[in-house]
Amino acid sequence: MNTRLVLALVMSGAVALTACGGTTKDSAGDQTGGATNAAKGDPNAALKEGLKITFLPKQVNNPYFTVAQKGAEQAGTAIKAELKATGPSDAAASSQVTYINTAAQQKQDALVISANDANAVAPALKSARSQGLKVVTFDSDAAPDARDVFINQATSTEIAAGQVKLISEAVGGSGEIAILSATPNATNQNAWIEVMKTELAKPEFAGLKLVETAYGNDDDQTSFQKTQGLLQAHPNLKGIISPTTVGVAAAARYLSSSEYKGKVQLTGLGTPNQMRKFVQDGTVKSFALWDPSKLGYLATYTAAALASGQITGAEGEKYKAGELGDYTIGAKGEVVLGPPTVFTKDNIDKFDF
């Protein structure tokens, strides 16, 4: 698999999925991310061995973050770090705060976190950083002044514009569509939705009408029920975009065994292993995603580079992320993994994650 392989949407801007996915919401962009002091990184410094790194996803037992954790563990092994994976069972806005505080209390060297809410976790992250903890966000950003570096899977425009393009192709360019998102406060989801609305206002998508945005809270059963609710509330619905791995799988499961199979189209952000059967049985024509394992891998290497003094999070700093190669920190402390990948019946069997 290409080491820069990522999601499955397309265009430009600044990421991206829960499950997917995560980009910083533009409203948070006024704050300054990255290095907050005059310290400079030493690109020639060796990576420290024995670093203690906490991996904190939005929620445990989420297929997307399970894959991301495997990448983090692979990086942890490569750099001889002590990687500890932990997290809440729900994706509520403040559910990660206790885990952040614990990481600081345990004197961990770095925290790798996908934020459930950009602002709800910010006070705890700021406190942890004041105690010496390096903070790397991935998939879904926190307030930029509450972390050191944000690892973005792809740009928001790439992800969101790609989703609109995929649903337009699936429904033939016209009809009512809906969005099935994760939680109302999910930073990356909200950033993508805003870009989707901008895309839908363009002349080439004039035939599409967004009738509702629903929230499945990144819970399988809730997402399943929300899919049913969308179809009942909008009898003329032609398509659904679900930019979250939990939501898109739940929606596909509902559609696959309903009268709407083949009549209502679905796209979103999901993993190939999760969505393969729905592509093969015709429920889904195409969907997108980056490789979550590489996202976790890059985030962990970045955390190690911070904790080792190679980088501080300042724009323009360069570092090497193991087998993924060289990366450069961009504006506001952001690093972009790469563009998303679109999966269809023609290529899905080439991927295993």
**Student:** Answer yes or no: is there a side-chain heavy-atom contact under 4.5 Å between Pro43 and Glu317?
**Tutor:** no
**Student:** To the nearest 0.5 Å, what is the distance between CE (Met196) and CG (Leu208)?
**Tutor:** 12.5 Å
**Student:** Would you kindly say whether Asn273 and Asp352 are connected by a side-chain donor-acceptor distance under 3.5 Å?
**Tutor:** yes
**Student:** Quick one: pull up NZ in Lys294 and CG in Leu337 and give me the separation to the nearest 0.5 Å.
**Tutor:** 8.5 Å
**Student:** For Ser293 and Asp291, which heavy atoms make the closest approach, and how far apart are they?
**Tutor:** OG-OD1, 2.7 Å
**Student:** Enumerate the residue pairs fulfilling ring-ring contact (aromatic ring centres under 6.0 Å, His included) with a member in residues 95-125, sequence neighbours excluded, ordered by first and then second residue.
**Tutor:** none
**Student:** Nearest 0.5 Å, what's the CZ-OG distance between Phe138 and Ser114?
**Tutor:** 5.0 Å
**Student:** Thinking salt bridges, do Lys48 and Asp109 make one under a 4.0 Å N-O criterion?
**Tutor:** no
**Student:** May I ask you to decide if Asp218's main-chain N or O and Thr222's side chain share a donor-acceptor pair within less than 3.5 Å?
**Tutor:** no
**Student:** Looking at Asp326 and Lys318, is there a salt bridge between them, counting it only when a charged N and a carboxylate O are closer than 4.0 Å?
**Tutor:** no
**Student:** Would you mind listing every ring-ring contact (aromatic ring centres under 6.0 Å, His included) that reaches into residues 234-278, with sequence neighbours excluded?
**Tutor:** Phe224-Tyr254
**Student:** Give me each pair satisfying ring-ring contact (aromatic ring centres under 6.0 Å, His included) with a member in residues 66-97, each pair once, sequence neighbours excluded.
**Tutor:** none
**Student:** Is there a donor-acceptor contact under 3.5 Å linking the side chains of Tyr64 and Thr271?
**Tutor:** no
**Student:** Using salt bridge (charged side-chain N to carboxylate O under 4.0 Å, His left out) as the criterion, list what pairs up with Asp349, not counting sequence neighbours.
**Tutor:** Arg276
**Student:** Does Ile179 offer a backbone N or O that forms a donor-acceptor pair with the side chain of Thr213 under 3.5 Å?
**Tutor:** no
**Student:** Starting at CG of Asp90, measure out to CG of Asn61 and round the result to the nearest 0.5 Å.
**Tutor:** 12.0 Å
**Student:** When rounded to the nearest 0.5 angstrom, what distance separates CZ in Arg147 from CG in Leu133?
**Tutor:** 14.5 Å
**Student:** Determine which pairs satisfy ring-ring contact (aromatic ring centres under 6.0 Å, His included) with at least one residue from residues 101-120, sequence neighbours left out, and list them in order.
**Tutor:** none
**Student:** Return the set of residues passing salt bridge (charged side-chain N to carboxylate O under 4.0 Å, His left out) with Lys263 (not counting sequence neighbours), or none when no residue passes.
**Tutor:** none
**Student:** Once rounded to the nearest 0.5 Å, what's the spacing between atom CG of Asp219 and atom OG of Ser89?
**Tutor:** 10.0 Å
**Student:** In terms of side-chain heavy atoms, does Asn236 have a donor or acceptor partner in Lys209 at a distance below 3.5 Å?
**Tutor:** no
**Student:** Using distance alone, with no hydrogens and no angle criterion, decide if Thr283 and Asp281 have a side-chain donor and acceptor under 3.5 Å apart.
**Tutor:** yes
**Student:** Distance only, no hydrogens: is a donor on one side chain within 3.5 Å (strictly under) of an acceptor on the other, for Thr183 and Asn116?
**Tutor:** no
**Student:** Please work out whether the ring planes of Tyr297 and Tyr301 are parallel, tilted or perpendicular, with thresholds of 30° and 60°.
**Tutor:** tilted
**Student:** Go through the steps to decide whether Glu199 and Lys202 satisfy the test salt bridge (charged side-chain N to carboxylate O under 4.0 Å, His left out), and finish with yes or no.
**Tutor:** CA-CA 5 Å; Glu199 288 295 306; Lys202 294 181 177 180; 2.8 Å; yes
